Amino acid sequence: MKAKTVDKVATSVIVVLALFIVVLLLGLLGFILVRGIGQINWHFLTSAPQLLKGGGGIGPQLFNSIFLLVLTLIITIPLGWGGGIYMAEYAKPGRITSFIRLVVEVLSSFPSIVIGLFGLLLIVNTFGLGFSLLSGAMALAIFNLPLMVRTTEQAFRAVPKEQKEAGLALGLSKWKIITSILLPVALPSLITGTILASGRIFGEAAALMFTAGMSSPPLDFTDWNPTSPRSPINPLRPAETLAVHIWKVNSEGIGPDSKEVAAGASAVLVLLVLAFNLSARWIGRVVYRRMTASK
Amino acid sequence: MEQTEGGTVMNNKLKPRRPLREKHYWEEWTGRIYTSICVVFLIVVMFSIVYFVASKGLSTFFQDGVSMREFLTGKTWNPTGEPAAYGALPFITGSFITTLLAALIASPLSLCAALFMTEIVPGKGKKILQPAIELLSGIPSVVYGFIGLSVIVPLLRSMFGGAGVGIAAGCLVLSVMILPTVTSIMADALSALPKGLRESSYALGATRWQTIYRVIIPTVLPALLTGIVLGMARAFGEALAVQMVIGNAPHVPTSLLESASTLTSVITLSMGNTTMGSVHNNALWSMALVLLVMTFVFVILVRLLERRNRV
């Protein structure tokens, strides 16, 4: 009898604590959305921030975040997918492979601030790129690569062996098999993994403070010459992203409405990350259906 | 006779294929070289991070003559004073205390969530909790900092008085941040457990809790600890969320409600205000080196635990 009572007590404790996590999440999301969603309007999303007086928006920051994400993906996709393909298809079990695995593991455990500092030292100062979108994208690429390599490897390993054997039986080269047989099959999970990683890139701030910088020059959205310093698409200009902006407003905001700006920007950031997560699933499913002709 | 015939047949078939075979080799090598370059790049990046951070961080001791003992055990941090003091002990203790407390709060919660998903209501529990965990891990750290600043800090202030910022606020924020990491690793470990183990325990007449407590948890303990260590690694390196709520006072904290600093929060705040190459700046790099060393400690711990898990 006693064992049964203990069992009941333990079960209810576990259930209560597990539900507490769900309540916690709902509370967090509710808080962010309730506090922030009232701030979001077209003016807030498009206008430049005001340092001293109220009424500023997050337009440049939002644009910088998206542009930085695109730049980072341009760097990470070829490198990360390539590395993952090596690990899944070329690496033979042995010392070298387990060493590479260790490198990936260490690289993914480095704190993002250390990667930011490394970027400051090497990319910003030694390479002379300065505080710029490109420096930020490179730092984020380092931050993102190990994750990308791991998801790519998993995606390729999940492809049924028969597919590869069929290709070998046709006498195709290994690279041809990878690019024309395995890649299409692995693509849905590659895309899902990449979008999920993008959500992480989007919210990252510590690695960017020392590489992309903490301020944006006044942008001129009519100037699309990539070399002009006020052009939004110039990759060599400093850029403050949405996440960095939230940090800055919270820790040194002096405007009268800095709390409201932080709340609104947080809501925008969380909504975008949510959109990333949902679209990752949706796009993955659609691509899978296209590629495999299954329902 | 037959052999030579077969040989001639093969030769006849091979001859027109020569150009195709060359294309074949070419393709083979493109793939091999391209993917190898990607992997070599990863290795180069890792080693250059270690090299650059270490060379900067060690120059505090070898060039500027700050003693390593003073840096690791000195209690006063006053880089602008006369004489300047570079004791980083307050930040090191701050980092360790917040990390340990965060793990202490998050681990039981995570364990319960993982058990709920795998043991109590396997199908349904997973449907409710899995998305919650994924969403929690998707929330960016600055947003956690913002919530900490606008909910936890005022709450602590009204409950215990004082400023509200401090170790307690820092570890509460961190514990929520590491919750998803720890939970998902624990849940993976639990669901990878062979089914027979549970069933034989139930067959002996054990209750569910007895099964969990006496059979399941001892079996997967190394994996559960792996989850906790990875969570701690995340907490140790987290910078901005902690910096926003911990108060950033440079002394060894004596109470949970006192304002304190961590290694990451000091680096975040001071790195931009010091000139490259100054002793103050190099001391900050030494702190980054401490973070780097701790990363390796965490990785080694995880590897040791995984080895135990395999046996």
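Naming convention: chains lettered A, B, ... in sequence-line order (proteins, then strands); numbering from 1 in each chain. None of these values were measured; they are calculated from a predicted model.
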Within a 6.0 Å radius of atom [atom1] on [X], are there more than 12 heavy atoms belonging to other residues, nucleotides or ligands?
X	atom1	value
A:Ile96	CD1	no
B:Tyr202	OH	yes
B:Tyr213	OH	no

If I measure from the heavy atoms of chain B, does [X] come under 4.5 Å with its side chain, its backbone, both, or neither?
X	result
A:Leu29	side chain
A:Phe202	neither
A:Phe276	neither
A:Val149	side chain
A:Leu269	side chain
A:Ala265	neither
A:Leu79	both
A:Phe31	side chain
A:Val9	neither
A:Leu196	neither

Contact winner vs chain B - [options], heavy-atom pairs under 4.5 Å:
options	answer
A:Ile32, A:Asn277, A:Val104	A:Ile32
A:Leu117, A:Val244, A:Val270, A:Leu19	A:Leu117
A:Val114, A:Val106, A:Val22	A:Val106
A:Val16, A:Ile21, A:Ile85	A:Ile21
A:Leu26, A:Val15, A:Thr126	A:Val15
A:Ala263, A:Ser112, A:Gly84	A:Ala263

For [X], is it the side chain, the backbone, both or neither that has a heavy atom under 4.5 Å from a heavy atom of chain A?
X	value
B:Ile120	side chain
B:Ser48	both
B:Met46	both

Any heavy-atom pair between the side chains of [Y] and [X] that's under 4.5 Å?
X	Y	value
B:Phe296	A:Phe110	yes
A:Pro111	B:Thr295	yes
A:Leu102	B:Val299	yes
A:Arg35	B:Ser150	yes

Q: Ignoring hydrogens and angles, tell me if any N or O in the side chain of B:Glu28 forms a donor-acceptor pair with the backbone of A:Lys174 under 3.5 Å.
A: yes
(Q) For the backbone of B:Trp209 and the side chain of A:Asp7, can you confirm whether one donor and one acceptor N or O come within less than 3.5 Å of each other? (A) yes
[X] and [Y]: which non-hydrogen atoms are nearest, and at how many Å?
X	Y	answer
B:Val142	A:Ala205	CG1-CB, 3.9 Å
B:Thr268	A:Met209	CG2-CE, 3.4 Å
B:Gly138	A:Val273	O-CG1, 3.2 Å
A:Ile100	B:Ile43	CG1-CD1, 4.2 Å
B:Leu42	A:Val103	O-CG1, 3.9 Å
A:Leu121	B:Lys56	CD1-CE, 3.5 Å

Would you mind telling me which of [options] has the largest number of heavy-atom pairs within less than 4.5 Å of chain A?
options	result
B:Leu240, B:Leu284, B:Val143	B:Leu240
B:Ala132, B:Ser137, B:Pro131, B:Gly31	B:Gly31
B:Leu135, B:Leu115, B:Val302	B:Leu135
B:Thr183, B:Thr207, B:Ile212, B:Leu292	B:Thr207

Q) Going through the checks in order, is the salt bridge (Lys or Arg N to Asp or Glu O under 4.0 Å) test met by A:Glu105 and B:Arg303? A) CA-CA 10 Å; A:Glu105 196 181 327; B:Arg303 291 242 148 178; 2.7 Å; yes
Q | Proximal to chain A - members of residues 32-41 of chain B, heavy-atom separation under 4.5 Å | A | B:Arg32, B:Tyr34, B:Thr35, B:Ser36, B:Cys38, B:Val39, B:Phe41
